[in-house]
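This report refers to the structure that appears directly beneath it.
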Amino acid sequence: MSRTPFMQLYVSDYLGDTMHLTTEQHGAYLLILMTMWRHNGSLPNDDAKLARIARVNAKRWHLIKDDVLAFFICENGQITQKRLNEELQKAVSISQKRKTSGSLGGLAKSLKNNDQALASAKQTLKHSQKPDTIKVKETLSSVSQKRGSRLPADFMPDLEFAMSEGLTALQAEREAAQFRDYWIQQPGQKGVKLDWSATWRSWCRRAAERKPPQHAAYPQKQNKPRTVGEAAVERIKENGLGNVRPEFAEALFGRNRGRNQHGAVTAEILTLPYERHG
């Protein structure tokens with residue numbers, strides 16, 4: 001019996017080669033193919049046995065066998081089919097590779113915490129006369145390792161994330177351009193990353209840290225009048241009484257009026273001896 005229960009059927013090829021067959025001949029051909037697959041690619045060239053496989057009596061078999069057997073090679077008392085044998089060999093090879101991979105996986109798991117047994121297994125593999133087994137193990141090992149890549153040509157930095165970190169739209173675009181230029185020119189493995197989105201986020205955080213802090217603008221202190229006359233002139237202007245010279249305003253109030261004992265202008269200057277009338 002065949003060790004490969006699954007038989008590949010190429011429908012387009014099959015229909016293209018068998019359009020001339022009747023429904024009965026199709027059934028006989030497929031039954032013989034499937035039985036041949038289960039018997040490792042060959043069957044006895046015996047009319048009685050082939051009729052039973054095709055589920056027809058001897059009379060019907062003699063009527064349809066010429067068209068059916070035209071697809072087979074008849075020699076040395078056996079019938080075979082070239083395409084079926086090729087597919088059978090492929091299936092056997094794939095099955096064997098899967099079996100070997102499964103054995104290696106179980107071996108690695110059982111030796112996980114056993115250094116002595118692991119060393120022995122390595123020596124066995126090193127001196128083994130089965131190169132296919134070593135090749136499969138190396139393939140499994142390489143597939144299990146994560147591999148990075150260089151910056152894709154269509155990579156689009158997330159500008160919204162950059163702005164959420166405190167950068168302006170203009171600064172985010174500038175950082176994106178610098179990010180592309182920097183990583184494109186990096187040689188070899190230095191320019192390889194596992195996750196370019198994560199690399200961009202880290203770049204944005206560092207750019208935000210380099211950004212100088214913005215201080216709130218402090219309101220400028222208004223210069224207060226330095227003399228009684230200047231204070232009086234401002235007060236007169238505020239009340240809409242026109243412009244006067246500081247000397248006149250100071251004479252109006254008196255040189256010392258509006259100053260405290262230390263000579264500083266006080267709030268008394270804000271009280272004028274007259275008011276504006278409509």
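Cluster membership for Y182 and M156, using ILVMFWY side-chain heavy atoms within less than 4.5 angstrom, is not shared. Both M19 and L33 are part of a single hydrophobic cluster, where members link through side-chain heavy atoms under 4.5 Å apart. In the hydrophobic clustering of this structure, W196 does not group with F161; members are Ile, Leu, Val, Met, Phe, Trp, Tyr whose side-chain heavy atoms approach within less than 4.5 Å, directly or through other members. The hydrophobic clustering, which links ILVMFWY residues whose side-chain heavy atoms are closer than 4.5 Å, places M34 and L15 together.
Annotation: side chain of R60 is in contact with side chain of N57 (closest heavy-atom distance under 4.5 Å). Counting only heavy atoms from C-beta outward, the side chains of F155 and S197 approach each other to under 4.5 Å. Side-chain contact check for R201 versus C204: every heavy-atom pair is 4.5 Å or farther apart. By the 4.5 Å heavy-atom criterion applied to side chains, N85 and Q89 are not counted as neighbours. The shortest distance between side-chain heavy atoms of L50 and L69 falls below 4.5 Å. E175 has its side chain within reach of W200: a pair of non-hydrogen atoms, C-beta onward, lies under 4.5 Å apart.
Side-chain atoms of N76 do not come within 3.5 Å of backbone N or O of Q78 as any donor-acceptor pair.
Of all the heavy atoms in M36 and Q81, the pair that sits closest is SD-N, 3.8 Å. Contact detail for G148 and V192: the closest heavy-atom pair is C-CG1, 3.4 Å. Minimum heavy-atom separation, L9 to Y14: CD1-CB, 4.3 Å. Nearest heavy atoms, D46 versus K49: OD1-N, 2.9 Å. When all heavy atoms of G188 and R150 are compared, the pair lying nearest together is O-NH1, 3.0 Å. Across all their heavy atoms, T80 and S42 have their closest contact at CG2-CB, 3.6 Å.
Shown are L63, D67, V56, L30; of these, the side-chain contact (heavy atoms from CB on, under 4.5 Å) with Q25 is made only by D67.
The CD1 atom of I53 sits 4.5 Å away from the CG atom of L43 when rounded to the nearest 0.5 Å. Rounding to the nearest 0.5 angstrom, the gap separating the CZ atom in F72 from the CG atom in L84 is 8.0 Å. We find the CZ-CG distance between R205 and L167 to be 12.0 Å, quoted to the nearest 0.5 Å. Interatomic distance, CG of L159 versus CG of L170, reported as 11.0 Å (0.5 Å rounding). Taking CG from D158 and CE from M163, the interatomic distance works out to 8.5 Å, rounded to the nearest 0.5 Å. Rounded to the nearest 0.5 angstrom, N45 CG and I73 CD1 are separated by 12.5 Å.
Checked for salt-bridge contact, K90 and E87 meet the test: a charged N lies under 4.0 Å from a carboxylate O.
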Test side-chain contact (heavy atoms from CB on, under 4.5 Å) applied to L151 and T199, step by step: CA-CA 10 Å; L151 181 67; T199 304; over 6 Å; no

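Judged by distance alone, the side chains of W61 and D47 do bring a donor and an acceptor atom under 3.5 Å apart.
In this structure, F71 and Y29 have parallel ring planes: the angle between them is below the 30° cut-off, well short of the 60° mark.
Remark: Q189 CD is loosely packed, at most 12 non-hydrogen atoms of other residues, nucleotides or ligands lying under 6.0 Å away.
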